[in-house]
Structure formats: C-alpha cells, structure tokens
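In what follows, a structure is listed as structure tokens, so that the remarks can point back to it.
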Amino acid sequence: MINALRGMKDLTFEESERFVHIVTTAIGISKKYGYNYIETPILEESKLFKRSVGESSDIVGKEMYQFEDKGGNDVCMRPEGTAGVVRSFIQAKLDRRQNEKFKFYYYGPMFRYERPQKGRLREFHQFGCESFGEASVYEDFTIIQMIGDIFKALGIGYDLQINSLGCPTCMPPYRQNLINFLTECQDELCEDCNRRITTNPIRVLDCKNEKCQSLLTNSPKLINSLCDSCDGDFKKLVKLLKSENISYHIDSNLVRGLDYYSKTAFEFVSNNIGSQSAIAGGGRYDKLVEFLDGKSTPAVGFALGIERIMELVQMPEISREGYYIGAMKQEGVDALFSLASQKRATDKVTLEYAPKKLKAHLKGADRVNARYCAVVGEDEFKEQKVWVKDLIQKQESVINWSDF
RNA sequence: GUAGGCGUAGUUCAGUUGGUAGAGCACCUGUUUGUGGCACAGGUUGUCGCGGGUUCGAGCCCCGUCGCCUACCCCA
C-alpha cells in the first residue's frame, strides 16, 4: 500500500467541507474589502525566497523543498505566499503605476520540510491578502479589521497581538542597542540565543526559554525606540483599534519570522490548538517590492493557516437535502435517468442503480441524507408514476413522471 | 536534529503473571412478502505495523526497523 508522504494529509468528508467553508468565508469577506484573486505558481526560483524571506531564516535555511529541475534551474516549492505575489506584482509592472492601489487575495498549498506535529504540516494551506500602494496606517488597521471579520464569521475566538518593528530609520540603531545589551548578558542566555546574537538578534526577543525571558525584561524595547513616524503610526493604530472595539495586546517581543516585515506586525493567536497557536499573522512590508527589484511600493498583508483554523471551526449542522431515487425492479431502473435529470435542474439527486426492496431504498435515502426518497416500484412502473416520501414530514404521494 | 508516547477488526479501543484475540460503534440479514431513523435477535470482519530473537508456546518479553502522535525548534 502506498501512503501519503509524511506531513501531508488527505481531506475528505466533513474535513474537506470545513476546509471549503473556511476558504469561501475568507474569500467572501476579502471581496467585500475590495480584494481580487491572484493565482501564482507553487514552484518558484529558490532565489526569490532567499532574497525575500531571508537566508538567515529557518524557512530558507533548512525547510525548503528545493531541488534542481530538468533544465538545471534551482527551484523550490513555495514555503509562503507573499514572495510569489510580490514577484508577480513586479513582473506585471504594477509597481510602475505608482498612484494606483492593488489588493490581492490568494489561497493554496505551502511547503516546509519540518517535523510534523499538531497544527504543523509539511504541506499546509494558507489564505492570504496583500495590499499594495497604500502607505497609510489606516490600511494596517483595515486589514486587522478584515481578519477580525473573517474569524467572527467563522465563530472563532482569538487573541490579537500587535507590535511595531520600526523602519530603516529606527530599526538599525535599536538593533545595535539590543546587540550591546545581549552581549553583556551573553553568558546567561541560552545556546540558541547566543547564536542568534550574530545571526538575527531580534529573534532573541521571542525566545521561549524562561531564563532568557526574565533577562529580557530589562532589554531595550523597540516600541520605546521608534522614530516619530513609526511611533505616530503605531499610536494611531492603537487608537483605531480602541475606537472600533477590537481588543488587542501589545507584545513588544512579537517578531515576525520573515525578514521583510517593517512597522506594524500582528499575530492572531488561539490557545485551544496546542503549541502551534498562531492562526494568522502579518504586517507591513514597505521595503520588499524594492528589495525584489521593483519600484518602491508600500504594502501590507497577512496569511492565515487554514489547517489550524480547521481545528477551531464548528460547522453548521447538515440538514436533509435533495432526492434519493431508486427502483425496485430492473425495468424501473432505466426509467430513473430522465426523472433524475428533471430533478437535477433544481435539486441535489442521488441515483441508485441497483433494484432493491423499498426498505433498502429508504435506508439508502437516510444514508445519503436525502430529504425525499423517490422509488419506482412494480405498480408505479406500469402506471408511469413514482412514489415519493418526504423523510422529514413523513408524508408520501404517488405522482406522474411528467409532474415529478 | 532532540525527547516522550502509541501502532490489535472499517472505526474507537480492551486484552490479566506469555497459553495462537474480544467489546462498543459501523456493516449485513431477519422480526416487518412495499415503509427509513428506534428496538430486539442473529451474522460478517484481523498478515495483532514489519523483520529478527528468547520460549514447548509471543499481541504480551528482547533487539532492530518503519509509521503515527505530541513537545522542543520554527511558524500560518
């Protein structure tokens, strides 16, 4: 027997229904916010992610499905969605249309070669949005509001955490301050953090080691080192969240794992799904377009993890729907197809090809959750009629084929 | 890469100090010769993950291996 690869899952029945429910809900809401669908390839040049996500990140460093294709190209399966959308945005020269705004939504599979666990698969699915050309913090707020709408529509509770990661003006000096601070208490920090001091000092902030965290209480906070512009934007965001009654926590240690974020960073967290608790995350990435050789364009975006959200959504109860149609004798079966196609114009129809006793048909109708069980028996066949029972109202009638 | 837990029927799981497997659910049949869900009665279903070893005898003990899960790490 051949099984699916490690960390890759098949979705069927009520699981796949839940998946579709989440995606259609998210699509419906993002359309209301003016987003349009964008589809980009799953396979991209490895270079794209090395430059955008960052070589220092674990995603690029050790988690990419990367290989050489038959043409000798260094390619990989996308580990996240933003880079491809930005690449496409630049390739279509939308970055030249400087006064226009573009909003895209996407969804699809992402691949990371990690050790699978709860809420973490090697092939997983994200729904995401990217907004280009809008520098205002109002857009950051709007995106957060939109995610809130999606979770509300799905009936999911969450904790919103926000932070500002600064910009090229205030980030580098802060970074140096932090390095100085960390170097002083180097001996007491964990092994990983010591490595991070040189590779990616900002990541030390969200180390889960308790000892590191206690040392960090006195560390310089980026939130207190922001330049006037970043500080003003962050205060404005907080004000908007308050006035619109969106509850939040400022988490000065919230860092995005991907290098391209600046200014607003946020994460939606659930405490009901194990340790992989981030159900959505995103922020502003004003420098990424330029970084990938486009004309400087401000942008904000987010992605939500569909599998993680699947753990949280309750599906509305399914009710009986449509018709089950069967016959009791072979000759009746042949008459079923025109009846079925008649009904399919308006209803869901399940056809049973095997002649069976009435009782078996009623059971069959039950099994497929049909509302009506329609059977052509011996008597009905002679008179060109069909017996129909409403399985909820428990009423039955015999009607002409032409009136079915 | 590291650590812990688990692999027995379609499924959820039991299986005592080693004596060649059991329950619920599901499924099929009947009670009801043309009336579903409910009830009752009966019935079907297994390479006990795989490969070695110990033993008269292994689902159980030992070694190896594969897979799944959870956590670290990372992140959606």
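Computed from a prediction, not measured in an experiment: that's the story for all the values here. Chain A is the first sequence line, chain B the second, and so forth, proteins listed ahead of strands; every chain is numbered from 1.
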Can you pull every protein N or O that's under 3.5 Å from an N or O on nucleotides 67-70 of chain B?
unit_1: B:C68; atom_1: OP2; unit_2: A:Arg6; atom_2: NH1; d: 2.4
unit_1: B:C69; atom_1: OP1; unit_2: A:Lys9; atom_2: NZ; d: 2.9
unit_1: B:U70; atom_1: OP2; unit_2: A:Lys118; atom_2: N; d: 2.7

Nearest whole angstrom, please: distance from the P of B:A71 to the CD1 of A:Ile273. 10 Å
Please identify each residue that fulfils side-chain hydrogen bond (donor to acceptor under 3.5 Å, both in side chains) with A:Asp69, with sequence neighbours left out. A:Asn73
Donor/acceptor link under 3.5 angstrom from A:Glu380 side chain onto base of B:G34: yes
Work out how far the C1' atom of B:A58 is from that of B:C50, and round it to whole angstrom. 16 Å
Taking side-chain hydrogen bond (donor to acceptor under 3.5 Å, both in side chains) as the definition, give me every residue that meets it alongside A:Lys356, ordered by chain and number, with sequence neighbours left out. none
When the ring centroid of A:Tyr37 is compared with that of A:Tyr107, is the distance short of 6.0 Å? yes
Residues passing the side-chain hydrogen bond (donor to acceptor under 3.5 Å, both in side chains) test with A:Asn180, sequence neighbours excluded, are A:Gln176
Mind calculating the distance between CG (A:Leu362) and C1' (B:G34) to the nearest angstrom? 9 Å
Take the protein atom CD of A:Glu396 and the nucleotide atom C1' of B:G34, then report the distance between them rounded to whole Å. 10 Å
Regarding A:Leu391, tell me which of base, sugar-phosphate or nothing describes its non-hydrogen contacts under 4.0 Å with the strands shown. base
Quick one: side-chain hydrogen bond (donor to acceptor under 3.5 Å, both in side chains) partners of A:Asn369, sequence neighbours excluded? none
Using the test side-chain contact (heavy atoms from CB on, under 4.5 Å), find all partners of A:Pro201 that sit at least two apart in sequence or belong to another chain. A:Arg175, A:Leu178, A:Ile179, A:Leu182
Name the residue closer to the 5' end of RNA chain B, choosing between A:Gly305 and A:Gln276 according to the nucleotide with the nearest heavy atom. A:Gln276
Nearest-Å distance once atom P is located in both B:G22 and B:G59: 13 Å
Rounding to an integer number of Å, can you tell me how far A:Asp366 CG sits from B:C27 P? 10 Å
Of the listed nucleotides B:G36, B:G34, B:C73, the one nearest the side chain of A:Trp387: B:G34
Please list every donor-acceptor pair under 3.5 Å in which a side-chain atom of residues 137-153 of chain A meets a protein atom from a residue at least two apart or in another chain.
unit_1: A:Tyr138; atom_1: OH; unit_2: A:Lys236; atom_2: NZ; d: 3.1
unit_1: A:Glu139; atom_1: OE2; unit_2: A:Lys103; atom_2: NZ; d: 3.1
unit_1: A:Glu139; atom_1: OE2; unit_2: A:Ser131; atom_2: OG; d: 2.6
unit_1: A:Asp140; atom_1: OD1; unit_2: A:Arg284; atom_2: NE; d: 3.0
unit_1: A:Asp140; atom_1: OD1; unit_2: A:Arg284; atom_2: NH2; d: 2.7
unit_1: A:Asp140; atom_1: OD2; unit_2: A:Thr264; atom_2: OG1; d: 2.6
unit_1: A:Asp140; atom_1: OD2; unit_2: A:Arg284; atom_2: NE; d: 3.1
unit_1: A:Thr142; atom_1: OG1; unit_2: A:Tyr138; atom_2: O; d: 2.8
unit_1: A:Asp149; atom_1: OD2; unit_2: A:Tyr33; atom_2: OH; d: 2.6

Below 3.5 Å, can you tabulate the donor-acceptor pairs from side chains in residues 307-315 of chain A to any protein atom, sequence neighbours excluded?
unit_1: A:Glu307; atom_1: OE1; unit_2: A:His125; atom_2: N; d: 2.8
unit_1: A:Glu307; atom_1: OE2; unit_2: A:His125; atom_2: N; d: 3.2
unit_1: A:Glu307; atom_1: OE2; unit_2: A:His125; atom_2: ND1; d: 2.7
unit_1: A:Arg308; atom_1: NE; unit_2: A:Gly119; atom_2: O; d: 2.7
unit_1: A:Arg308; atom_1: NH1; unit_2: A:Ala278; atom_2: O; d: 2.9
unit_1: A:Arg308; atom_1: NH2; unit_2: A:Gly119; atom_2: O; d: 3.1
unit_1: A:Arg308; atom_1: NH2; unit_2: A:Gln276; atom_2: OE1; d: 3.3
unit_1: A:Glu311; atom_1: OE1; unit_2: A:Lys118; atom_2: NZ; d: 3.0

With A:Val86 as partner, the option from A:Thr297, A:Leu288, A:Asp95 fulfilling side chain to side chain contact (heavy atoms under 4.5 Å, CB included) is A:Leu288
5'-most by nearest nucleotide on RNA chain B - A:Glu378 or A:Ala303: A:Glu378
A:Glu130: which residues meet the side-chain contact (heavy atoms from CB on, under 4.5 Å) condition with it, sequence neighbours left out? A:Thr82, A:Val85, A:Tyr106, A:Phe132, A:Tyr285
Using whole Å, report how far CG of A:Asp379 lies from P of B:U35. 13 Å
Intra- and inter-strand pairs of RNA chain B in dot-bracket (Watson-Crick or G-U wobble, both distances under 3.5 Å; | for another strand): (((((((..((((.....[..)))).(((((.......))))).....(((((..]....))))))))))))....
Separation of B:A76 atom P from A:Glu267 atom CD, nearest Å, is 7 Å
Heavy atoms only, 4.0 Å cut-off, all strands: where does A:Glu80 land among base, sugar-phosphate and nothing? nothing
Please write out the pairs of protein N or O atoms and N or O atoms of nucleotides 28-30 of chain B separated by less than 3.5 Å, giving the distance to one decimal.
unit_1: B:C28; atom_1: OP1; unit_2: A:Arg367; atom_2: NH1; d: 3.1
unit_1: B:C28; atom_1: OP2; unit_2: A:Arg367; atom_2: NH2; d: 3.3
unit_1: B:G30; atom_1: OP1; unit_2: A:Lys357; atom_2: NZ; d: 3.3

For A:Leu254 and B:C75, give me the distance from atom CG to atom C1', rounded to whole Å. 12 Å
Using the benzene-type ring in the case of Trp, are the ring centres of A:Tyr35 and A:Phe104 under 6.0 Å apart? no
On a whole-Å scale, what distance lies between the P atoms belonging to B:C61 and B:G7? 11 Å
Rounded to whole angstrom, note down the P distance from B:C38 over to B:G15. 30 Å
With a 4.5 Å limit on heavy-atom distance, are the side chains of A:Ile279 and A:Leu304 in contact? no
Distance check, C1' atoms only: B:G10 and B:G52, in whole angstrom units. 31 Å
Name every donor-acceptor pair, under 3.5 Å, that has one atom in a side chain of residues 375-384 of chain A and the other anywhere in the protein, sequence neighbours excluded.
unit_1: A:Glu380; atom_1: OE1; unit_2: A:Gly377; atom_2: N; d: 3.0

Base, sugar-phosphate alone, or nothing: which one does A:Glu63 contact when heavy atoms must sit under 4.0 Å apart? sugar-phosphate
Roughly how far apart, to the nearest Å, are B:G64 and B:C27 at atom P? 44 Å
Considering only atom C1', compute the distance from B:C68 to B:G49 and round it to an integer number of Å. 10 Å
Taking the P atom of each, how far is B:C40 from B:A26, in whole Å? 12 Å
Base, sugar-phosphate, or nothing for A:Lys62, non-hydrogen atoms under 4.0 angstrom? nothing
Rounding to an integer number of Å, can you tell me how far A:Arg371 CZ sits from B:G36 C1'? 15 Å
